[in-house]
Each structure stands twice: as C-alpha cells, then as structure tokens.
Peer 1: 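Mind looking over this structure? Questions follow.
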Amino acid sequence: MDNPWLTVATVVTVGVLRLMGDVIRWLAARSGERLRARTLAELVGRTAPGTVLTDRRPDGAALTIRRRAEERDGGDRGE
C-alpha cells in the first residue's frame, strides 16, 4: 500500500470493530446474568417459606436467594 492514510484507516477500522465485538459480548453476558437472577427469584417465589436457592457457576461465582417465612401471602401487613 502506497497510501499511508489507507493503512491508518484500516487499522482504526479493525480496532473499532474489535471493540464493538467486546462491548456486544459484555452486554450479552450482563443480560444473561439478569435473566438468571430473575429466574432464580421467580423459582424461590414459588417455593415454601424458608427455602434457600443457590445458583453456582463454574467460575466460582454464586447467587443465593433466601425466602423468609413472612413473605408468603402478604406477611403481617393485614392484607
């Protein structure tokens, strides 16, 4: 390539595309984490009081949700 601007434009374009790919992967992972958390919360909502559910991942991370006894059917709010 005889034109240095073409080389610069190519390098910048490749860098931007890689960055965009990283951002898209990060957003997809974040969305997946939210979905997992919502699913776990929905599961614990359908269980008996005192239930503890833990979502353990291969990377060592864990999310634990505990259901307290007073959360069932409105609790002590007089409903």
Peer 1: Under the 3.5 angstrom rule, does the side chain of Thr10 hit a backbone N or O of Leu6 as a donor-acceptor pair?
Peer 2: yes
Peer 1: So for atom CZ, which belongs to Arg56, do other residues, nucleotides or ligands contribute more than 12 heavy atoms lying within a distance under 6.0 Å?
Peer 2: no
Peer 1: Taking only residues two or more places apart in sequence or in another chain, which ones pass side-chain hydrogen bond (donor to acceptor under 3.5 Å, both in side chains) with Thr13?
Peer 2: none
Peer 1: Tell me whether Val14 is reachable from Trp5 by hopping between hydrophobic residues (I, L, V, M, F, W, Y) whose side-chain heavy atoms are closer than 4.5 Å.
Peer 2: no
Peer 1: Nearest 0.5 Å please: distance from the CZ atom of Arg66 over to the OG1 atom of Thr51.
Peer 2: 12.0 Å
Peer 1: Mind listing the side-chain donor-acceptor pairs of residues 35-45 below 3.5 Å, one per line with the distance, residues two or more places apart or on another chain?
Peer 2:
{"residue": "Arg36", "atom": "NE", "partner": "Asp55", "partner atom": "OD2", "Å": "3.0"}
{"residue": "Arg36", "atom": "NH2", "partner": "Asp55", "partner atom": "OD1", "Å": "2.8"}
{"residue": "Arg36", "atom": "NH2", "partner": "Asp55", "partner atom": "OD2", "Å": "3.1"}
{"residue": "Thr39", "atom": "OG1", "partner": "Leu35", "partner atom": "O", "Å": "2.8"}
{"residue": "Glu42", "atom": "OE2", "partner": "Arg46", "partner atom": "NH2", "Å": "2.9"}

Peer 1: Output the distance between atom CG (Asp2) and atom OG1 (Thr7), rounded to the nearest 0.5 Å.
Peer 2: 9.0 Å
Peer 1: Just by distance, do the side chain of Arg68 and the backbone of Pro49 share a donor-acceptor pair under 3.5 Å?
Peer 2: no
Peer 1: Heavy-atom distance under 4.5 Å between the side chains of Thr64 and Val52, does that happen here?
Peer 2: yes
